[in-house]
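Just below is one structure, and these are the notes that go with it.
In each ligand, atom 1 is the first atom listed, and ligand 1 is the first ligand listed.
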Amino acid sequence: MKIHFLGAADGVTGSRHLVTSGGARVLLDCGLFQGWKLHRARNWAEPGPLREAEAVVLSHAHLDHSGWLPALVKHGWRGPVYASPGTCELLKVLLLDSAHLQEEDARRANRHGFSRHEKALPLYTRADALRALALLVPVPTGRAFRPDGALARHALTLTPVGHLLGACAVTLQEPGRAGRRLVFSGDLGREHDLLMPPPQAVPAADVLLVESTYGNRDHADEDAEARLEDIVNRTVHGGGSVLLPTFAVGRAQALLLLLQRLKRAGRIPARLPIVLDSPMAQQATELYRHHAAELRIPKRETLALADGVRIITTGAQSQRLAAQRVPMVLLSASGMATGGRVLHHLKAMLPDPRHHVVFAGFQVGGSRGARLVGGEREVKIHGEMVPVRAAVSQLQGLSGHADQRELLAWLGRFRQPPAQTFVVHGEPTAADTLRGEIQNRLGWRVRVPQHGEEVEA
Ligand SMILES: [Zn+2]
């Protein structure tokens, strides 16, 4: 078995591992590089060895694991793309939105002359995303699946690991008695996630690829529900509104759940308007409702996520909302305030000390969200400097990623040490810290591969 590490080997984005096994070539994840410019430039490179993949298996729908698939397809690649049913559904929302953003970026660059080329082209278009979606083959979770074609002699098993609707660890079993078993963790969820059940154990692996996003730290213990209750009540009593910049998929549904629970328990005013201003979050909420059985909460709570919530659809409605003065709780994307409708709400609310902006979750360095959480007194929005007089907070405790303790607990459930473990999907310190813990506590053979490295395993 050979593994070529082509992404998420020196960072947390661009997850791509090309595996040659039992006479077949399969690409585990086809992620987009995000964040640092140095990493993002890789999105524009030729597919190179990725072209040789005869099939793709996606661990989950987050764009850093799936968002380069339309680019691969744009380069002429065709083949089956295996993923869980939940992932297939979410991809319809996420890949089309990603294509829309790519097209928007190119349009903006052309309008403002940012591009050094004659004409900026999108990384991929909606048409490419649709062609990619047509390649999806849903794979039922929790049991061995026999693919057709190049992987016909292999067995593929997807094991739910919390984190996000549809997210799974991937097990690829080579043919024959001496066939080896490769396990890829994907992104592991939390033991006590609000929506998703805890990650399921995978019994055995000869070769293991494990993520390490939080490989060097444990999450702070915070009661997000009580913190939100306190912020909402204080703000509303002072005549202000609460703005929750949120990721449309996963985080938005978790926040809606908390707000519904607080309302039902009479801990925040029952008549306080809750407004959802993100068409994508609304679509995702619908998907969560369809997949209610895969969540850890009772079905009736999932079905009631949007009960009494005012849904904003058009851009004009959204603009009008920004001028409204009635206290409310407003959820809008994007989660790190890097774009989207939340920007005009921030522009309207940040200068007013009565309002409170609450970020839920990790804010990547350099993003507007990170600057606001860091206490900057002014931020630039749509080319204008906006003074920050509103309160700004960050909710901990809503992370979708296992922390170090939970990663080690999941690893501890393997019946035998894998012959070889590779730590991927972490910033260098996180990956190396987890490597050290695995070596010292579990005594396994483990290493951190380099970007572009090819190993025999
Ligand atoms: Zn993820």
Side-chain angles (χ1 to χ4, degrees), residues 7-17 27-35 39 43 56-69 81-95 97-98 141 158-170 183-191 193-200 202 209-215 217 219 246-254 280-281 284 287-288 291 294-295 333-336 338 360-364 367 398-404 406-407 410 423-427 430-431 434:
D10 57 357
V12 292
T13 70
S15 179
R16 307 166 183 182
H17 312 294
L27 179 61
L28 302 177
D29 281 353
C30 190
L32 197 65
F33 288 98
Q34 298 164 319
H39 285 179
N43 289 327
V56 173
V57 185
L58 299 177
S59 63
H60 66 294
H62 277 148
L63 290 178
D64 57 323
H65 295 257
S66 71
W68 209 73
L69 189 66
V81 179
Y82 301 103
S84 73
T87 297
C88 291
E89 293 288 314
L90 276 182
L91 283 170
K92 290 178 196 159
V93 179
L94 284 164
L95 290 187
D97 184 71
S98 174
T141 63
L158 299 182
T159 307
V161 288
H163 183 59
L164 178 75
L165 183 68
C168 286
V170 178
V183 173
F184 168 43
S185 70
D187 283 358
L188 290 170
R190 304 211 59 193
E191 205 57 47
D193 192 272
L194 273 172
L195 295 169
M196 301 307 300
Q200 293 179 23
V202 178
L209 273 56
V210 64
E211 70 117 331
S212 58
T213 316
Y214 282 88
R217 53 201 191 278
H219 294 305
T246 177
F247 300 99
V249 180
R251 199 62 48 79
Q253 292 71 37
M280 193 162 134
L287 276 178
Y288 271 73
H291 289 262
E294 290 167 49
L295 308 183
S334 73
M336 295 191 277
T338 46
F362 184 68
Q363 302 294 309
V364 113
S367 65
L398 287 180
S399 170
H401 278 278
D403 60 15
Q404 188 193 67
E406 291 164 325
L407 285 166
W410 186 77
V423 177
V424 296
H425 200 283
E427 299 294 347
L434 186 67

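- When each of Asn43, Asp29, Thr13 is tested with Trp68 by the rule side chain to side chain contact (heavy atoms under 4.5 Å, CB included), just one qualifies, namely Asn43.
- Side-chain contact of Asp187 with His65: a donor-acceptor pair under 3.5 Å is present, judged by distance alone.
- With a cut-off of 2.8 Å, the protein N/O/S atoms near the Zn ion (ligand 1) add up to 4.
- Between His219 and His401, a ring centre-to-centre spacing not shorter than 6.0 Å is recorded.
- Residue Thr141 holds its OG1 atom at 7.5 Å from CD of Gln200, rounded to the nearest 0.5 Å.
- Note that CG of Asp97 and CG of Leu91 are 12.5 Å apart. Values are rounded to the nearest 0.5 Å.
- Side chain to side chain, His425 and Thr213 meet the donor-acceptor criterion of an N or O pair below 3.5 Å.
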